[in-house]
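In what follows, chains carry the letters A, B, and so on, assigned in the order in which the sequence lines appear, proteins first and then strands, with residues in each chain numbered from 1.
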Amino acid sequence: MIHFAELFMKIKQTLETLIRQAMVDAGIPEPKPIVKQSQRAEFGHYQANGVMAAAKQLKQAPRDLAKAILAMLPPQPDFSFEIAGPGFINVRLSNDCLSRALSQAASTIALACPAPRRIVVDYSSPNLAKEMHIGHLRSTVIGDTIVRVLEHVGHTAIRANHVGDWGAQFGSLLAYLAETGHNESAQAAALSDLEKFYQAASKKFKQDPEFAETARGYVVKLQAGDPTLKQLWQAFIATSMDHGQAVYDKLGITLSKADAMPESQYNDDLLPLLDSLQNQGLIERSDGALCVFLDEFKGKDGSRLPAMVQKSDGGFPYLATDLAALRYRYQTLKADEALYVVGASQQLHLRQVFAVARAADFIPEQLTTRHLAFGLVLKADGTPFKTRDGADVKLIDVLNEAVDRAKTLLAARSEGLTDEEQQVIARVIGIGAIKYAELQKNRTTDYVFDWDTMLSFEGNTAPYLQYAYTRIRSLFRKSGASPMGPNSEVVISTTEETALALKNLQFQEAIDTYLDDYQANVLCNYLFELAGTFMTFYEHCPILSENQTLRSSRLRLAELTADTLKTGLGLLGIETVERM
RNA sequence: CCGCUCGUAGCUCAGCUGGAUAGAGCACCAGGCUUCGAACCUGGGUGUCGGGAGUUCGAAUCUCUCCGGGCGGGCCA
């Protein structure tokens, strides 16, 4: 008999353990059961694929070995096993087992994490002095999902917003303002004005070598602590941070100003860091700059790839800052793990950061570092997402458009909603659609941003999931039923009920799979399947017209589904509404 | 030239610690609302899994090679 309190939503693990033991008992030295959810209903609910490989090793007939393994299993009233094909073991859970698992389930909330870790998640990381643009969407949304899930399963997630407040871009901005006499007005300027200055400045930086030289001088002056420049700079930062927070609030991102760990905060660490590298003999002067050359970045032809830690003019490139930041994550934040939600274009850079930090012993072996890369945001025609004149699309404009579009669609479909309700619902749907469209695709590839797809309200979209949720809520409104609660009985007789019960019980497995590689599409697909399974159940299984036992059982099944949907969407940072 | 990454249905994408007949959504076609919300459900798929070779009982998945796209490769970040 299975102890549900322990195995609830850990079906796969339970089977894995069970079958592994049976394989050992059947004389297999190092068994790999390879338990997976079955792809087809005819192959049961789960299948173990490991018998064939083991049979090969032992030089036995696979089906005979499968039979021997099953013979080693203690009696299993909850599972039925079947040998199929060349030697698969197909497993089916009994309806009674599913029913008991659900009846004893307090909710679909995950179990406590057995080994909590401190995990720093670097995400969003906008450059200050500019408005946030569409390019910041991916890191922000992907990263926010990661911290939500980590916290959900009991880890300590430390949000790290590595905002760019300190570098050459500020040098050219300050130089430009000084040259054009805009210093006074810039002090009080809105961010959009600052951005214009910034664009003009970076254009000049590229075209005018003399100006570029001046700009670099300003960086050095700023880094040396020039009071006038510093005051101006602080005004820029404050304006930018306000803007950033407004975008986060609108997008429903859990970042706050307190999570900002700006580049400038590592300013005082850079020289000591350089010293440390020097003392360890890792530094080499090359063309006037200080570089670290590691063997692992050597080309086949012997060419060496430098990791530059100080420029020839004495300034520090971002590698130096990122090294200091990584060391800070270990020394000060006491991280067990550092995740970087940063674009794929930074792959080489981050590999260098990790490698140099390890070579210099800034971080210990057991601290795991991971670059969670993602691709670009493209338009439907496959070109980068820019305005017609090639400028970055402002993130706040995208969010507003999403809400506007959702409101239009809502007005055409919904009845009986007040303007105020429509406003709220349009925000939840519009923002949810953007986030879901982003998360639903594989993180690593480029992503096509398409309004019509994400807001079509059909197919694998946030509105479909939100709609499934409102249907369940409506059921409870309609019936006047009070919440069923954890101990209400679930009876399962139809295939639709079996499917829905099983799906609900697989929530934790979806989360586990997500945590392997932080691919949110795993969670999205799970929720989409859950919603689809519910819709099928809903169409085929009458609820309110049934007798008391069946009625409350099915209401409970619906309620559990609503809980799972709401929790799951919540992990993706997507809200639900009672009606839409 | 070197490195990383991707190439799966008309389109957007899953599947990749090797497993059964490669799956979804969109679009398209045909059905289903006097009954719990039809933003839904049911049925309809002849795909060189970029090409080739290799490893294996078995390859979309692993290895090699070629082709094609994207992104990187010392003084921007």
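- If you take CD of Gln47(A) and P of G19(B), they are 9 Å apart, rounded to a whole angstrom.
- Proximity of Arg40(A) to the phosphate of G23(B): a side-chain N or O atom is located under 4.0 Å from OP1 or OP2.
- In this structure, the aromatic ring of Phe88(A) is not positioned over the six-membered ring of the base of G19(B) within 5.5 Å between centres and 30° between planes.
- If Trp166(A) and Lys56(A) are placed on RNA chain B by their nearest nucleotide, the residue sitting closer to the 5' end is Lys56(A).
- With respect to Arg427(A) and Glu575(A), a salt bridge is recorded, a charged nitrogen being found less than 4.0 Å from a carboxylate O.
- Look at G58(B): it lacks any Watson-Crick or wobble partner with both distances under 3.5 angstrom.
- Among the atoms of the strands shown, base atoms are found under 4.0 Å from some heavy atom of Ala53(A).
- Atom CD in Glu213(A) sits about 14 Å away from atom P in C75(B), given to the nearest Å.
- When rounded to the nearest whole Å, the span between OH of Tyr318(A) and C1' of C76(B) equals 9 Å.
- For G37(B), one of the phosphate oxygens OP1 or OP2 lies less than 4.0 angstrom from a side-chain nitrogen or oxygen of Ser474(A).
- Note that CG of Leu530(A) and CZ of Phe534(A) are 9.5 Å apart. Values are rounded to the nearest 0.5 Å.
- The salt bridge (Lys or Arg N to Asp or Glu O under 4.0 Å) test with Glu497(A) singles out one residue from Arg556(A), Lys503(A), Arg554(A), and that residue is Arg554(A).
- Stacking of Phe43(A) onto the six-membered ring of A20(B) is present: less than 5.5 angstrom between centres, less than 30° between planes.
- Counting any heavy atom pair closer than 4.0 Å across all strands shown, Asn90(A) reaches a base atom.
- Base orientation at G74(B) is syn, since its O4'-C1' glycosidic dihedral falls within 90° of 0.
- The base-pairing partner of U48(B), taking Watson-Crick or G-U wobble contacts with both distances under 3.5 Å, does not exist among the strands shown.
- Across all strands shown, Glu546(A) has no heavy atoms under 4.0 Å from either base or sugar-phosphate atoms.
- Using a 4.0 Å heavy-atom distance criterion, Leu305(A) is classed as a sugar-phosphate-only contact.
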message: For a quick check, with a 4.0 angstrom heavy-atom cut-off, what is the B/S/- contact string for nucleotides 39-46 of chain B, read 5' to 3'?
response: BBSS----

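- Using a 4.0 Å heavy-atom distance criterion, Asn49(A) is classed as a base contact.
- The residue Tyr538(A) sits close to a base: some heavy atom pair falls under 4.0 Å.
- Atom pair Met454(A):CE and C13(B):P shows a separation of 12 Å (rounding to whole Å applied).
- The interatomic distance linking Arg304(A) (CZ) with G74(B) (C1') rounds to 12 Å, in whole Å.
- Across U12(B), G72(B), G37(B), the shortest atom-to-atom separation from the side chain of Arg579(A) is found for G37(B).
- In terms of position on RNA chain B, the residue among Pro542(A) and Gly85(A) whose nearest nucleotide sits closer to the 5' end is Gly85(A).
- Note: NZ (Lys441(A)) to P (C26(B)) measures 13 Å, nearest angstrom.
- In summary, the side chains of Tyr46(A) and Gln506(A) do present a donor paired with an acceptor at a separation below 3.5 Å, with no hydrogens or angles considered.
- Nucleotide G68(B) forms a pair with C6(B), judged by Watson-Crick or G-U wobble geometry with both contacts under 3.5 Å.
- For C36(B), the base has no donor-acceptor partner in the side chain of Ser545(A) [N/O atoms by modelled type, under 3.5 angstrom].
- Using a 4.0 Å cut-off between charged nitrogen and carboxylate oxygen, Arg20(A) and Glu16(A) count as a salt-bridge pair.
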Would you list the atom pairs, donor with acceptor, under 3.5 Å between side chains in residues 432-439 of chain A and any protein atom, with sequence neighbours excluded?
unit_1, atom_1, unit_2, atom_2, d
Lys435(A), NZ, Leu251(A), O, 2.9
Lys435(A), NZ, Gly252(A), O, 2.9
Lys435(A), NZ, Gly573(A), O, 2.8
Tyr436(A), OH, Asn460(A), OD1, 2.5
Tyr436(A), OH, Cys524(A), O, 3.1
Glu438(A), OE1, Arg138(A), NE, 3.2
Glu438(A), OE2, Arg138(A), NE, 2.8
Glu438(A), OE2, Arg138(A), NH2, 3.2

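- Listed nucleotides: C6(B), A24(B), G70(B). Nearest to the side chain of Leu376(A): G70(B).
- If you check A30(B) for Watson-Crick or wobble pairing at under 3.5 angstrom, you find it paired to U42(B).
- Atom CZ of Phe170(A) is separated from atom C1' of C76(B) by 13 Å (rounded to the nearest Å).
- As a whole-Å value, the separation of Glu529(A) CD from A24(B) C1' is 8 Å.
- Taking the side chain of Met308(A) as heavy atoms from C-beta on, and the options G74(B), G70(B), A77(B), the nearest nucleotide is G74(B).
- When heavy atoms are screened at a 4.0 angstrom cut-off, Cys524(A) is found touching no nucleic acid atom at all.
- Contacts of Ala84(A) with the nucleic acid, taken as non-hydrogen atoms under 4.0 Å apart, include base atoms.
- For Arg551(A), no side-chain nitrogen or oxygen approaches OP1 or OP2 of C36(B) to under 4.0 Å.
- Across the strands present, C36(B) finds no partner; the criterion is a Watson-Crick or G-U wobble pair with both atom distances under 3.5 angstrom.
- Residue Lys32(A) is out of contact with every strand shown, counting any heavy-atom pair closer than 4.0 Å.
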task: Show your reasoning for whether side-chain contact (heavy atoms from CB on, under 4.5 Å) applies to Tyr526(A) and Tyr514(A).
output: CA-CA 10 Å; Tyr526(A) 168 78; Tyr514(A) 167 77; over 6 Å; no

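- G18(B) makes up no base pair with any nucleotide shown, lacking Watson-Crick or G-U wobble contacts both under 3.5 Å.
- Looking at heavy-atom distances under 4.0 Å, Ser303(A) makes no contact with the nucleic acid at all.
- Counting non-hydrogen atoms under 4.0 angstrom, Thr453(A) reaches nothing in the nucleic acid.
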Pairs under 3.5 Å (N/O, protein and nucleotides 15-18 of chain B):
none

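- Across all strands shown, Gln440(A) has no heavy atoms under 4.0 Å from either base or sugar-phosphate atoms.
- The aromatic rings of Phe211(A) and Tyr176(A) sit perpendicular to each other, their planes meeting at more than 60°, with 30° as the lower class boundary.
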